[in-house]
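Worksheet for the structure shown next.
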Amino acid sequence: MTDEFKAKLQALLQAYAAQTAKQQAEDKTPRDHADRRMCGERLHAVVRPVLEAIMAELKTVGHEASVREHIERDDAYPSVALSFTPRSGLASALIFRYDPRHGIVVQREVKHAPWKGRPPTGSGDRLGTIGITAVSGAWVETKSLSFIEAVLKVN
């Protein structure tokens, strides 16, 4: 690293530190704190129970599945995810998360079985968005079935 580059980098980092210190002094809570909290509550009350029921069904037929939830972290948006590993495949994930611009966003990461002639990389795509207050068990079931069908199809 040259001295000129180091000086520019340090100037950028110092300006950022000063900016964040000023913002924290003005407002100690994130701007979207109320929406984050409401979304975390909806994810926990509506989405998680559906995913847990699906997880139980998947496990009863011999697949691996788990549900993870991150709703109380300050450094990340609230989310609930279902991880699903078919008996003869790789782990894939369905993630319901808060997005300040869209409400609740659903994304899936489907991993293909490498022995079926496809590379073992995942294909992530967005399944849809919905307002925080509009999320329902039926909507979660629809998105989950679409995800499970895609995983089983490629494995």
Side-chain angles (χ1 to χ4, degrees), residues 9 11-59 61 63-86 89-114 116 118-155:
L9 178 59
L12 283 172
L13 295 173
Q14 289 171 353
Y16 177 77
Q19 176 187 359
T20 56
K22 180 181 172 186
Q23 286 177 348
Q24 288 176 354
E26 293 172 359
D27 184 13
K28 294 201 179 225
T29 60
R31 289 184 186 98
D32 60 348
H33 189 68
D35 283 347
R36 275 184 179 201
R37 180 170 303 190
M38 182 173 43
C39 183
E41 291 168 359
R42 295 292 290 172
L43 289 171
H44 181 75
V46 177
V47 177
R48 185 178 180 118
V50 174
L51 295 183
E52 286 179 340
I54 292 168
M55 176 185 69
E57 287 295 318
L58 291 170
K59 285 183 170 186
V61 295
H63 300 296
E64 291 292 321
S66 64
V67 173
R68 66 183 185 280
E69 176 181 81
H70 300 287
I71 60 172
E72 295 295 329
R73 294 177 55 179
D74 289 334
D75 63 340
Y77 289 130
S79 66
V80 177
L82 171 70
S83 178
F84 169 42
T85 308
L90 300 175
S92 296
L94 178 67
I95 305 160
F96 294 81
R97 67 174 173 79
Y98 169 68
D99 183 313
R101 293 167 296 178
H102 302 289
I104 295 178
V105 175
V106 185
Q107 288 183 275
R108 69 181 180 184
E109 184 77 22
V110 177
K111 303 277 176 114
H112 300 270
K116 289 202 171 183
R118 296 182 184 99
T121 59
S123 61
D125 60 340
R126 184 178 280 190
L127 292 179
T129 61
I130 195 167
I132 296 170
T133 57
V135 69
S136 67
W139 184 77
V140 175
E141 289 170 356
T142 300
K143 300 303 177 186
S144 300
L145 283 175
S146 169
F147 163 71
I148 292 167
E149 180 182 21
V151 173
L152 293 174
K153 184 176 180 180
V154 299
N155 285 288

To the nearest 0.5 Å, what is the distance between [atom1] ([X]) and [atom2] ([Y])?
{"X": "Ile71", "Y": "Glu41", "atom1": "CD1", "atom2": "CD", "answer": "8.0 Å"}
{"X": "Leu43", "Y": "Ile95", "atom1": "CG", "atom2": "CD1", "answer": "12.0 Å"}
{"X": "Arg37", "Y": "Tyr98", "atom1": "CZ", "atom2": "OH", "answer": "12.5 Å"}
{"X": "Leu94", "Y": "Ser146", "atom1": "CG", "atom2": "OG", "answer": "8.5 Å"}
{"X": "His63", "Y": "Thr85", "atom1": "NE2", "atom2": "OG1", "answer": "10.0 Å"}
{"X": "Leu51", "Y": "Lys143", "atom1": "CG", "atom2": "NZ", "answer": "13.5 Å"}

What I'd like to find out is whether the side chain of [X] reaches to under 4.5 Å of the side chain of [Y], using heavy atoms alone.
{"X": "Pro86", "Y": "Val151", "answer": "yes"}
{"X": "Trp139", "Y": "Val106", "answer": "yes"}
{"X": "Thr129", "Y": "Asp99", "answer": "no"}
{"X": "Leu82", "Y": "Met55", "answer": "yes"}
{"X": "Arg36", "Y": "Pro78", "answer": "yes"}
{"X": "Cys39", "Y": "Tyr77", "answer": "no"}

Starting from the C-alpha separation in whole Å, work towards a yes-or-no answer on side-chain contact (heavy atoms from CB on, under 4.5 Å) for Ser144 and Phe96. CA-CA 10 Å; Ser144 300; Phe96 294 81; 4.3 Å; yes
Of all the heavy-atom pairs spanning [X] and [Y], show the shortest one and how long it is.
{"X": "Ala65", "Y": "Leu58", "answer": "CB-CD1, 4.0 Å"}
{"X": "Phe147", "Y": "Glu109", "answer": "CE1-O, 4.3 Å"}
{"X": "Pro49", "Y": "Ala45", "answer": "CG-O, 3.3 Å"}
{"X": "Val50", "Y": "Val46", "answer": "CG2-O, 3.5 Å"}

Quick one, Phe84 with Ile148, criterion side-chain contact (heavy atoms from CB on, under 4.5 Å). Give me CA distance, side-chain angles, the key distance, then yes/no. CA-CA 8 Å; Phe84 169 42; Ile148 292 167; 4.2 Å; yes
Just checking His44: does its NE2 atom have more than 12 heavy atoms from other residues, nucleotides or ligands closer to it than 6.0 angstrom?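 Not more than 12 within 6.0 Å, no.
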Sidechain N-carboxylate O distance under 4.0 Å for Glu52, Arg48: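 Here Glu52 pairs with Arg48 in a salt bridge, since their nearest N and O are under 4.0 Å apart.
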Using side-chain contact (heavy atoms from CB on, under 4.5 Å) as the criterion, list what pairs up with Thr142, not counting sequence neighbours.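 By the side-chain contact (heavy atoms from CB on, under 4.5 Å) rule, Thr142 matches no residue at all.
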